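What follows is a short report on a single structure.
Note: hydrogens, waters and symmetry copies are ignored here, and every other heavy atom, side chains too, is used. Order of appearance sets the numbers: ligands from 1, and atoms from 1 within every ligand. Treat the numbers as computed from the prediction; the structure is a model and nothing was measured.
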Amino acid sequence: MPAIWVITRYDDVVSVLKDPRFSKDYIHKYPWIPPSIRAMFRNLLTIDPPDHTRLRSLVQKAFTPRLIEGLRGRIQGICDDLLDRDGDVIDLIEAYALPVPLILISDLLGVPVNDRRRFGPWTKKVAAAGASASLGGFLRALPALARLARYIRGLVTQRRASPQDDLITALVRAEESEDRLTEDEIVSMVILLLLAGYETTVHLIATGALTLMQHPEQRTRMQETPELRVSAIDEILRYASPVEFATPRITLEDVTIGLTTIPRG
Ligand code: HEM
């Protein structure tokens, strides 16, 4: 097990995130992972420029502030619909936190409505593998990852035959043009977006609600002053972090931060 450093000061973190001496390309270091599975883990979270830049530019267009702002009405509609369903008492996770991001990210990607229920169990297992520190946890999640990958490959084939106005079609078009995107890269990207856009937001809604229940005076303040909501969400992200793991970086050479030198590797 290599030594691990945790960098916590804001300025240090910002500089490390931009420093090309830190690499995220480490998945190739695990030769025991079968090549087909390793391909699924090669995505924006595990590659460096120039591949990162190439893949990032393909999806970036779908997430500009203007386009996301354009989704406000649709998002409000999804939230209102879910909250208007029967009963004064709901299970926040099942009835609200899970469906909001799942419906939205599936809309963006172009996952058919009838298939969406199948994702829950798969994505949960795959996300748990990402967060798991144990090899056992990782191995247990492989069948779910394989099923998810097979399903997405099927969608890619469908979109190739009949294009739609969605992100999977946009990626298929990029594959066919000079952007040189491979089918493995498309499948891995779709899995990343599903997981990144899904689990994170579920946890943010859940930990946010819990935090406000544990701090009723903050909740009252926020209810009385609606302008505080935006900064409240930022503060909840910081305070009750919905992502409890980091994607590690590996030093490509010795790097000195403050008084500490982190050796290469
Ligand atoms: C509360 C919500 C979210 C949190 C807390 C969160 C957190 C994170 C974190 C910690 C990283 C890793 C950064 C790194 O180590 O380099 C990341 C990367 C990423 N997230 Fe999120 N995320 C959230 C929502 C989303 C959503 C809604 C999407 C897309 C639909 C998304 C897509 C991505 C992608 C594509 C990356 C990789 C970016 C890159 O390397 O270029 N995330 N996110």
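With a 6.0 Å radius and a threshold of 12 heavy atoms from other residues, nucleotides or ligands, Y239 has its OH atom at or below the threshold. Counting heavy-atom neighbours within 6.0 Å of R221 CZ, excluding the residue itself, gives a total of 12 or less. In the displayed structure, R160 atom CZ is contacted under 6.0 Å by more than 12 heavy atoms of other residues, nucleotides or ligands.
Note on E69 versus R66: no salt bridge recorded, every NZ/NE/NH1/NH2 to OD/OE distance being 4.0 Å or above. Between R85 and D80, none of the side-chain N atoms (NZ, or NE/NH1/NH2) sits under 4.0 Å from a carboxylate O, so this pair counts as no salt bridge. Under 4.0 Å is where a charged nitrogen must lie from a carboxylate oxygen, and between D11 and R9 no such pair does. With respect to D48 and R249, no salt bridge is recorded, no charged nitrogen being found less than 4.0 Å from a carboxylate O.
For ligand 1 and L204, the ligand atoms under 4.0 Å from any heavy atom of the residue are 1 (C).
Contacts between K24 and ligand 1, counted as non-hydrogen atom pairs separated by less than 4.0 Å, involve the side chain only. At a heavy-atom cutoff of 4.0 Å, ligand 1 is contacted by the side chain of I105 but not by its backbone.
Within a 4.0 Å radius of atom 4 (C) of ligand 1, the protein has at least one heavy atom. Protein non-hydrogen atoms do not reach within 4.0 Å of atom 11 (C) of ligand 1. Protein non-hydrogen atoms do not reach within 4.0 Å of atom 17 (C) of ligand 1. Within the 4.0 angstrom cut-off, atom 43 (N) of ligand 1 has no protein heavy-atom neighbours.
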Q.
Please evaluate residues S231 and D234 with respect to the criterion side-chain hydrogen bond (donor to acceptor under 3.5 Å, both in side chains), reporting the C-alpha separation (whole Å), side-chain torsions for both, the decisive distance (0.1 Å), and the verdict.
A. CA-CA 5 Å; S231 59; D234 277 348; over 6 Å; no

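For T200, no nitrogen or oxygen atom sits less than 3.5 Å from a nitrogen or oxygen atom of ligand 1, counting backbone and side chain alike. Considering backbone and side-chain N/O atoms, R249 comes within less than 3.5 Å of an N/O atom of ligand 1.
Across P101, P242, A196, A62, heavy-atom proximity to atom 25 (C) of ligand 1 is greatest for A196.
Scanning all protein heavy atoms for the shortest distance to atom 8 (C) of ligand 1 gives V243 CG2, 4.7 Å. Of all protein heavy atoms, the one lying nearest to atom 28 (C) of ligand 1 is G197 CA, 3.7 Å. Closest to atom 15 (O) of ligand 1, if we only count protein heavy atoms, is T247 OG1, 2.5 Å. Distance from atom 19 (C) of ligand 1 to its nearest protein heavy atom, with residue and atom name: L45 CD2, 4.4 Å. Closest to atom 40 (O) of ligand 1 among all protein heavy atoms lies H52 NE2, 3.0 Å. The closest protein non-hydrogen atom to atom 41 (O) of ligand 1 is R56 NH1, 2.4 Å.
If you take OG on S106 and CG on L194, they are separated by 6.0 Å, rounding to the nearest 0.5 Å. In this structure, OH in Y151 is found 12.0 Å from CD1 in I191, a value given to the nearest 0.5 Å.
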